[in-house]
Amino acid sequence: MTDKSNPTIADWQAAAAKEVKGADLTWATPEGIDVKPLYTAEDVTADPGLPGFAPFTRGVRASMYAGRPWTIRQYAGFSTAEASNAFYRRNLAAGQKGLSVAFDLATHRGYDSDHPRVTGDVGKAGVAIDSVEDMKILFDGIPLDKMSVSMTMNGAVIPILAFFIVAGEEQGVPRHLLDGTIQNDILKEFMVRNTYIYPPEPSMRIISDIFGYTSREMPKFNSISISGYHMQEAGATQLHELAFTIADGMEYVKYGVASGLDIDKFAGRLSFFFAIGMNFFMEIAKLRAARVLWHRAMTQLGAQDERSKMLRTHCQTSGVSLTEQDPYNNVMRTTIEAMAAMLGGTQSLHTNALDEAIALPTDFSARIARNTQIVLQEETGMTKVVDPLGGSYYIESLTQSLVDGAWTLIERIQAEGGMAKAVAAGWPKAMIEEAAAGRQARVDRGEDVIVGVNKYKLAEQDAIEILDVDNVAVRAGQVERIARVKATRDDAACRAALDALREGAKDSGNLLALAVECARARATLGEISSAMEDVFGRYGTQPTPVSGVYGGAYEDDARWTRLTDGVAATERRMGRKPRMLVAKMGQDGHDRGANLVSSMFGDLGFEIVPGALFQTPAEVAALALAKDVDIVGASSLAAGHKTLIPELIGHLREAGRADIKVIAGGVIPAQDYQALRDAGVQAIFGPGTNLIQAAEDVLKLLGHNMGPQEEAAE
């Protein structure tokens, strides 16, 4: 007979089964973890220890936020150095504690603003920095000996860090007092974000040179921020993000040691950067698991100092979880994600603004995002207890599941020669793209709910104020400043510094030290990048879309069958498969959307022509003509669409091929739709578009009627 005062697990199971009429309450996560509806002490297999002690599961400091809350950062860059500086100063006065700089894509890719390849990119997704003069304006009135500065820069990391060092010097701050972080994480760029410049091997040398210089000259500065953020944004599961990020960190440490550095002299200045999405408990467990994994990895790599084994991280709430539809829901999403980051033990945090699904934030939305963190710190009492979820049966079990799953992937990577070789082989990227396609299919089918997008949708969307950057005016101002810098510098000294950098790239000269001399001589970012490119070359890749994921998810779906029948009918009518070129123009390397479109339409039966990244409108038009495509799908994320897509349409018309239909997709604010339609765009698919509906619309553009009469005729 059961003791009612001391119920057993069997008693609970019987009661739960009765309440839900026998339904299975177990949930299988995208990470492959079966989450049970109840956890007990029997599910906890590892002792999490105490905060501040190895393996740091419960936090890297004994007192955590009870001693000092996390640093409030806002990642921002607005068109010009002047506009960004004004924004930073307003935010610092309102309670922000650190700066995180977003650069425009021209800067990321090592081009000056006057380069012909970047006409649509200047100032559109961050601040344009062409010389040390721009960097000085960016931090005017902001004391660099008292302010921690984080800079998200990878491709053009050498000139940007050189400009920062010289700007500090000319502000009166010697480099040994500079405090902050440079991202400097190139392996992640080759895997997902694609804002690389040079091939992998010289790119890894750049990282080692930065490690060497900063360990000697900048003891307060974090020489790398190893980033999983962009992996999750590209579609990785939290398990992928965790494993690949730790493996990237191990690779960087190996390169540092191979270059002659003592592991304990530089490893303590490595930091990490993770995304925080909407899977609340999984994100908390992920940060705890990351600390365990890094401690294990660094112990294996030979670190002796416990500080070298201590994973410190910045976090940012998810951009992908933000929606254009019903955008005020994004305030709640960001708050939930910020709480997960805090409960997971982050050291600093950026909270995204409600309008960042479609544009840079306005002052209004940025204030709400910043105040989200201030309210959590000042009003909730959450900072009063160290690791308040430590000991939770569910959290501890989930943490261990992530540790075990990620370590299995890490061991595979190490067995195959390390992360650089795995990235070159391409399988981590393929894993991420398959996960992204699977997620999009679940959203389109309504299996993964997104409030306001595929459930609880508004009949009419509320209009919100969007920040619009005048790209033409910004570029004109930057071109003028570049001309002034070149007119007033000592050209002979500048040429000598650039020649020395070029020679240093050929042998073993420290590239950052040589670039600092170039910055002092007023060489531009493009000139410094080009000097290294002369030796290393510029790297390019061709997208290879995954196949079968979408088709597999929709295998028995009547709507999918109807679409594949429509594509087959179109093929019979045309005498060949309908042909679509998926194009990425400008310097935007974010290719998740383009890859999803390629994968889904390929599974439907289209012939897909995947365009190379970073093409100009003229290059896309030439490829469209050469491949005789029916449709060009232009993918936009970084706000260059108003410049680049009309230019593409103009090239097609000049070639006498106005019949090639141009459609646009991605992060395109509704306020831009009419201008694109006026330019000749035939369909626009914004954030949150259901790809099945998009495919129906594309077939109609190709002359196929999806109605029952047409189907009967076929």
Side-chain angles (χ1 to χ4, degrees), residues 108-110 151-162 181-216 221-228 230-231 243-263 265-267 269-273 294 297-298 301-302 410 413-414 416-429 501-502 504-515 528-529 531-541 589:
H108 273 290
R109 294 271 293 146
M151 293 179 286
T152 300
M153 177 52 64
N154 301 282
V157 63
I158 287 287
I160 285 296
L161 192 47
T181 304
I182 190 86
Q183 191 164 101
N184 193 25
D185 176 6
I186 203 65
L187 285 174
K188 167 262 303 175
E189 298 297 325
F190 289 118
M191 207 184 321
V192 290
R193 190 163 173 255
N194 299 315
T195 52
Y196 43 69
I197 300 175
Y198 314 108
E201 198 60 37
S203 295
M204 294 298 287
R205 175 196 161 178
I206 285 170
I207 290 170
S208 297
D209 282 3
I210 290 172
F211 284 175
Y213 184 95
T214 55
S215 64
R216 291 190 305 270
F221 198 80
N222 297 318
S223 52
I224 193 168
S225 175
I226 304 153
S227 174
H230 303 94
M231 297 180 200
F244 296 152
T245 304
I246 297 298
D248 279 352
M250 295 173 72
E251 193 80 350
Y252 295 135
V253 169
K254 290 177 185 177
Y255 267 79
V257 171
S259 70
L261 296 173
D262 181 335
I263 189 171
K265 288 291 195 305
F266 72 90
R269 299 311 303 177
L270 309 185
S271 68
F272 287 78
F273 174 29
W294 188 240
M298 291 301 288
L301 291 172
I410 291 167
I413 291 163
Q414 299 311 308
E416 295 183 14
M419 198 60 183
K421 289 186 177 178
V423 169
W427 64 264
K429 182 177 179 66
L501 174 61
R502 198 174 286 107
K506 293 176 183 176
D507 53 45
S508 58
N510 186 285
L511 296 170
L512 179 54
L514 292 164
I528 294 171
S529 297
M532 293 188 289
E533 186 180 338
D534 289 344
V535 179
F536 300 147
R538 183 171 279 268
Y539 186 72
T541 56

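Residue numbers start at 1 and run along the sequence shown.
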Next on the checklist: One pair to check against side chain to side chain contact (heavy atoms under 4.5 Å, CB included): Leu512 and Val157. What are the steps and the verdict?
Outcome noted: CA-CA 9 Å; Leu512 179 54; Val157 63; over 6 Å; no

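- Between Trp294 and Phe272, the angle of the ring planes goes over 60°, which puts this pair in the perpendicular group of the 30/60° scheme.
- When the side chain to side chain donor-acceptor pair (under 3.5 Å) test is applied to Tyr213, the partners found at least two apart in sequence or on another chain are Arg175.
- The distance from the CG atom of Leu270 to the CD1 atom of Ile263 is 9.0 Å, given to the nearest 0.5 Å.
- Every ring pair (Phe, Tyr, Trp, His ring centres under 6.0 Å) that Phe190 has, sequence neighbours left out, goes to Tyr196, Tyr539.
- Taking the side-chain contact (heavy atoms from CB on, under 4.5 Å) definition, one finds that Leu514 meets it with Ala500, Leu501, sequence neighbours left out.
- Residues that satisfy the side-chain contact (heavy atoms from CB on, under 4.5 Å) test with Asp262, not counting sequence neighbours, are Asp264, Lys265.
- Arg205 places no side-chain N or O within 3.5 Å of a backbone atom of Glu201 that could act as its donor or acceptor partner.
- Remark: Ile197 engages Ala156, Ser529, Arg538 in a side-chain contact (heavy atoms from CB on, under 4.5 Å) (not counting sequence neighbours).
- Residues Pro428 and Met419 have side chains in contact (heavy-atom distance under 4.5 Å, counting atoms from C-beta outward).
- Here the straight-line distance linking atom CD1 of Ile206 with atom CG of Leu161 works out to 11.5 Å at 0.5 Å rounding.
- Across Tyr255, Phe221, Phe211, a single residue satisfies ring-ring contact (aromatic ring centres under 6.0 Å, His included) together with Phe266, and that is Phe211.
- Annotation: side chain to side chain donor-acceptor pair (under 3.5 Å) contacts of Tyr252 (sequence neighbours excluded): Asp185.
- When all heavy atoms of Val253 and Met298 are compared, the pair lying nearest together is CG2-SD, 3.9 Å.
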Checklist entry - Does the side chain to side chain contact (heavy atoms under 4.5 Å, CB included) test come out yes or no for Arg193 and His108, once each step is laid out? => result CA-CA 11 Å; Arg193 190 163 173 255; His108 273 290; 3.4 Å; yes

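- What you find for Asp248 and Lys188 is that their closest heavy atoms are OD2-N, 3.9 Å.
- Evaluation of the salt bridge (Lys or Arg N to Asp or Glu O under 4.0 Å) rule for Glu251 yields no partner, not counting sequence neighbours.
- Ser203 places a side-chain N or O within donor-acceptor distance of the main-chain N or O of Tyr198, the cut-off being under 3.5 Å.
- Judged by distance alone, with hydrogens and angles left aside, the side-chain atoms of Asp209 form no donor-acceptor pair with the main-chain N or O of Ile207 at under 3.5 Å.
- In this structure the side chain of Leu261 reaches within 4.5 angstrom of the side chain of Ser215, judged on heavy atoms.
- Partners of Lys429 under the salt bridge (Lys or Arg N to Asp or Glu O under 4.0 Å) rule, at least two apart in sequence or in another chain, are Glu433, Asp591.
- Heavy-atom minimum distance, Ile413 versus Ala247: CD1-CB, 3.7 Å.
- A donor-acceptor contact shorter than 3.5 Å is absent between the side chain of Gln183 and the backbone of Asn154.
- The side-chain contact (heavy atoms from CB on, under 4.5 Å) search around Asn222 returns Thr181, Arg269, Ser271, Arg312, not counting sequence neighbours.
- In this view, Thr245 satisfies the side chain to side chain donor-acceptor pair (under 3.5 Å) rule with no residue, not counting sequence neighbours.
- Here the closest non-hydrogen pair linking Ser223 and Ile210 is O-CG2, 3.9 Å.
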Item to check | Working for side chain to side chain contact (heavy atoms under 4.5 Å, CB included), residues Lys254 and Gln414 | outcome: CA-CA 11 Å; Lys254 290 177 185 177; Gln414 299 311 308; 2.4 Å; yes

